[in-house]
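Working notes, structure below.
Residue numbers start from 1 in every chain, and the chains themselves are labelled A, B, ... in the order their sequence lines are given, proteins ahead of strands.
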Amino acid sequence: MLGLAKGLSYTLKTLVGKKVTLKYPDEPIIMPDRFRGIQHFDPEKCIVCNQCARICPTQCIDLTGKKPDDPEKKGKVINTYDINFEICILCDLCTEVCPTEAIVMTNNFELASFSRDELFKDMKWLHENNTNVRKEQH
Amino acid sequence: MSQFLAQPLGWGTGLIFALSAVVLLGVVLGFVTYAIYFERKVVGWVQFRHGPTRTGPLGLLQTVADVLKLLLKEDIIPALADKPLFVLAPLIAFVPSFAVLATLPFTESIHFADLGIGLLYYIAVSGITTLGSLCGAWAANNKYSIIGGMRAAAQMISYEIPLIMSLVGVILMTGSLNLIDIVNKQAEMGMWFFIPQILGFGIFIIASLAELSRTPFDIVEAESELVAGHMTEYSGFRYAFFMLAEYVYVFGMASITTLVFLGGWLPPFEFLGFIPGIVWFILKFSFMVFFYMWLRATFPRMRADQLMQLGWKVLLPLSLVNIFVTALLKELL
Amino acid sequence: MGTITTEEMMLNMGPQHPSTHGVLRLVVTLDGETIKAVDPVIGYLHRGTEKLAEDLNYTQIIPYTDRMDYLAAMLGNYNIVHCVETALGLEIPERAEYIRVIAMELQRIASHLVWWGTYLMDIGATTPFLVAFRDRETILNFFNELSGARLTYNYMRVGGVKWDVPPGWVERVGEFVQYMKKELASYHQLVTGNEIFLKRVIGVGAYTAEQAINYGLTGVTLRCTGVKWDLRRDEPYSIYDRFEFDVPTATEGDCWARYRLRMEEIVQSLRIVEQAVAQFPNDGDFMAKVPRVIRPPAGECYTRMESSKGELGTYIYSEGKDKPYRLKFRRPSFVNLSILPEILKGENMANTVAILGSIDIVLGEVDA
């Protein structure tokens with residue numbers, strides 16, 4: 001009986017105690033700087049080295065390059081850059097290998113949508129996802 | 001109110017009687033709505049949460065929304081179910097739960113049937129609900145349901161015995177089964193029955209928890225094993241009826257405990273007598289309801305066979321001892 | 001007088017059932033409420049991790065190990081990098097080892113907390129679940145600051161860890177250890193002495209040390225029978241030989257023994273974290289010099305470690321390429337589950353969940 005009474009006294013204490021819940025949709029959760037959210041992509045910096053697409057464990061990155069408009073310049077510039085968030089696991093490896101920090105993580109994590117099509121993000125969308133970009137880089 | 005109820009039955013008075021029953025039903029439904037709300041709040045508070053807060057101010061409309069959802073759901077009857085029984089079972093479970101309320105006096109003047117055998121009537125009629133659970137379990141043709149139904153039947157039958165036996169002590173001391181007489185006897189003695197009948201009170205509380213199949217005796221619908229017991233296949237308003245019956249019994253059992261052991265509408269001290277009896281009744285009643293919720297937020301669940309052992313090997317002998325001691329004391333004093 | 005005949009009933013528990021902890025399916029044959037036979041059916045969460053790994057390089061495998069035992073992803077991370085490091089013969093910087101040990105022991109506490117909460121949920125008490133999750137939340141926030149994720153960390157790398165600790169992190173972990181030591185008292189207050197709880201677990205689901213060894217059980221499921229076997233003590237890996245801790249054992253082999261041991265392991269893990277925080281080196285690298293492409297030498301390598309569930313091992317067969325020829329994980333949840341049919345036989349139906357819960361399985365790891 002003593003054990004039962006002890007438990008009851010604990011629950012009576014927590015009944016009036018501090019609550020720990022967050023008012024989530026009303027007050028956004030502030031994630032720490034390192035948080036791995038949806039990527040931000042900067043086409044200017046990209047050198048089309050394909051490392052991100054190769055390291056991706058789920059093969060969710062698709063990119064194509066093209067010849068630069070200015071024939072003087074060497075190398076390639078990015079043409080399309082798509083991440084399929086149906087299979088992206090936000091493992092952070094793409095940003096880790098990127099030599100120019102063209103692809104970086106942000107703290108944004110809201111991905112829920114009514115249609116699967118909306119999870120397929122293209123270069124324009126990823127470029128415009130430029131808030132809360134992670135400060136600490138590799 | 002007694003005189004009012006004693007009027008000869010005619011078209012006019014019949015209508016008024018029916019209306020007053022509807023008023024009681026309204027009160028009970030209101031109680032159930034807010035008991036569920038309050039239960040979720042209390043359990044939430046205990047668990048460092050706030051409980052429902054978003055539907056209506058302070059979440060007050062949460063249960064209303066939930067019930068509305070249940071009513072709007074598709075009425076599903078499983079293909080292999082025993083249809084007539086499946087439809088009938090929630091009614092068998094609910095009707096007695098409401099019928100027992102007829103004998104409960106809330107104060108000396110606010111009451112319905114002033115039955116000489118009020119207490120016995122309550123216990124007897126409430127037993128019918130088990131039949132509803134069992135019918136529902138059988139009709140649903142689901143294995144979880146049938147195990148849940150069998151457990152419900154075994155539990156109800158086993159615990160009805162100590163429940164009645166624990167009340168016998170009070171009945172001996174009062175010499176009546178009438179609930180108003182029992183409260184009046186407590187006024188006359190100057191103390192409530194939970195003091196002289198402390199053993200009976202303990203047994204009654206445990207047995208009533210089992211009768212209500214609430215934690216720690218909620219093995220009937222032991223979620224982690226049986227999904228939802230006899231209600232597994234029910235949905236929509238039939239499910240709502242089972243839930244309703246359960247909470248109406250909470251109303252009934254809390255009232256009976258208040259009346260029989262906690263002095264009903266009597267004030268705890270003479271000098272507080274200026275506060276109307278109904279307030280005292282509601283206070284004590286609310287305490288009992290809170291007590292059920294408090295237990296629910298704290299305790300794990302007992303196992304079915306341990307429950308049986310507790311009922312037959314501990315509570316029943318103890319209640320017999322209680323009767324014997326009460327009878328002895330009554331003779332000697 | 002006719003005789004009453006009874007029939008055995010076959011009951012499918014799961015794959016969608018509140019207390020099979022995911023998608024385990026138990027085909028239970030019941031005689032009344034007594035269990036005649038149990039047949040666990042697994043594979044509903046099978047993702048072919050081992051086969052997928054043959055097509056991935058060693059860095060890419062790490063996020064997959066997060067998703068095996070998703071309640072103890074740090075331990076899963078360490079499991080694979082430890083094996084690759086052993087194969088390569090890498091020297092790991094001291095600072096990295098300390099970060100790893102702190103992360104792993106916090107993870108062990110978090111994993112046991114989830115077990116505690118869900119186990120009590122199985123037994124019918126709802127409050128402990130939220131109590132445990134409140135404190136687990138603190139640990140997850142630590143990991144979030146450290147690695148940027150709350151559940152699937154992908155934090156450890158071959159040769160070290162992904163990031164150094166953020167400023168002030170180690171101190172805050174130290175504070176949490178002190179808090180948690182005190183807070184454990186309320187866990188015991190709420191549950192451990194509860195007579196109803198004791199009735200549900202004492203003497204339930206008992207097996208002997210011999211049975212446990214024959215089934216290859218490890219971790220708490222083995223130690224509850226009195227076998228003192230903990231890889232952190234008996235085959236120290238990482239820097240576990242620098243810490244002082246006990247290996248709690250019990251002899252009953254029942255659910256109650258397993259409950260006590262897990263609670264005691266939380267205390268021991270707190271002790272290790274406390275010592276690691278005190279000894280934490282002020283500077284140093286958190287990453288060893290590792291070749292850009294990781295190619296373990298041709299041959300086999302097997303390493304094992306003590307995860308929160310038991311012995312977690314990795315076997316790599318390498319052909320000297322950057323991808324393993326064959327990878328095999330020894331998953332403790334899977335092995336520990338194998339004893340279930342034996343100990344459930346003849347038990348009361350209501351004990352099913354109490355026994356299954358006490359083994360502490362994670363379906364992500366069982367099915368891999």
Side-chain angles (χ1 to χ4, degrees), chain A residues 1-15 17-22 24 29-39 49 51-61 87-97 99 104-109 132-138, chain C residues 47 49 52-53 55-67 77 120 125-128 130-131 133-135 137-138 141-155 157 162-167 169 185-199 287 292:
Chain A
M1 289 304 275
L2 187 69
L4 301 181
K6 267 176 159 178
L8 284 174
S9 74
Y10 179 76
T11 43
L12 198 62
K13 206 167 65 197
T14 58
L15 179 71
K18 203 171 132 258
K19 308 292 168 250
V20 294
T21 45
L22 305 168
Y24 163 56
I29 300 174
I30 309 295
M31 285 297 178
D33 181 54
R34 285 180 185 176
F35 185 74
R36 312 197 305 244
I38 307 157
Q39 288 93 335
C49 66
Q51 283 204 53
C52 49
R54 239 180 300 146
I55 194 74
C56 180
T58 58
Q59 281 95 44
C60 70
I61 303 179
I87 53 174
C88 174
I89 55 175
L90 295 168
C91 66
D92 207 7
L93 288 177
C94 51
T95 66
E96 203 169 312
V97 295
V104 285
M105 286 285 177
T106 69
N107 276 4
N108 305 330
F109 54 87
N132 302 320
V133 174
R134 187 158 77 186
K135 290 178 206 76
E136 192 176 357
Q137 301 300 348
H138 292 278
Chain C
R47 293 149 297 181
T49 310
L52 281 170
D55 220 16
L56 298 168
N57 69 36
Y58 290 98
T59 317
Q60 288 176 319
I61 298 171
I62 299 170
Y64 280 87
T65 61
D66 283 339
R67 285 153 181 85
N77 279 184
L120 268 295
T126 46
T127 303
L130 287 253
V131 175
F133 267 56
R134 180 194 55 177
D135 293 328
E137 189 67 21
T138 320
N141 283 336
F142 280 137
F143 287 154
N144 197 1
E145 284 174 52
L146 190 66
S147 69
R150 290 164 47 83
L151 209 61
T152 49
Y153 311 111
N154 186 20
Y155 178 61
R157 291 285 180 277
K162 181 181 160 74
W163 312 81
D164 198 0
V165 287
W169 191 82
S186 64
Y187 285 56
H188 291 301
Q189 187 188 358
L190 179 59
V191 173
T192 309
N194 191 306
E195 282 83 356
I196 299 173
F197 171 71
L198 294 181
K199 277 224 138 195
M287 193 71 187
R292 244 179 64 82

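Both the backbone and the side chain of C:L146 come within contact range of chain A, judged by heavy atoms closer than 4.5 Å. For C:N57, the part lying under 4.5 angstrom from a heavy atom of chain A is the side chain only. Only the side chain of C:V131 comes within less than 4.5 Å of a heavy atom in chain A; its backbone stays farther off. Contact annotation for C:I196: both backbone and side-chain heavy atoms come within less than 4.5 Å of a heavy atom of chain A. Contacts between C:L56 and chain A at a heavy-atom distance below 4.5 Å involve the side chain alone, from C-beta outward. Of the two parts of C:Y64, only the side chain, counted from C-beta on, holds a non-hydrogen atom closer than 4.5 Å to a non-hydrogen atom of chain A.
Among C:E137, C:R150, C:R67, the residue with the largest count of heavy-atom pairs under 4.5 Å with chain A is C:R67. Taking chain C as the reference chain and counting heavy-atom pairs below 4.5 Å, the highest number among A:A5, A:P32, A:G37 is found for A:P32. Heavy-atom pairs under 4.5 Å with chain A peak, among C:D164, C:D55, C:L198, at C:D164. Between chain C and the options A:V20, A:N107, A:I89, the largest number of non-hydrogen pairs under 4.5 Å is found for A:I89.
Across every non-hydrogen atom of A:R36 and C:A149, the tightest pair is NH2-CB, 3.6 Å. Across all their heavy atoms, C:Q60 and A:P57 have their closest contact at O-CB, 3.8 Å. Here the closest non-hydrogen pair linking A:M105 and A:F35 is CB-O, 4.3 Å.
The pair C:E195-A:K6 does not count as a salt bridge, with every side-chain nitrogen at least 4.0 angstrom from each carboxylate oxygen.
With sequence neighbours excluded, the residues that form a side chain to side chain donor-acceptor pair (under 3.5 Å) with C:E145 are C:R172.
For the atom pair CZ of A:R34 and CG of C:N144, the computed distance is 10.5 Å after rounding to the nearest 0.5 Å.
In this model, a donor atom of one side chain and an acceptor atom of the other lie less than 3.5 Å apart for C:D66 and C:N77.
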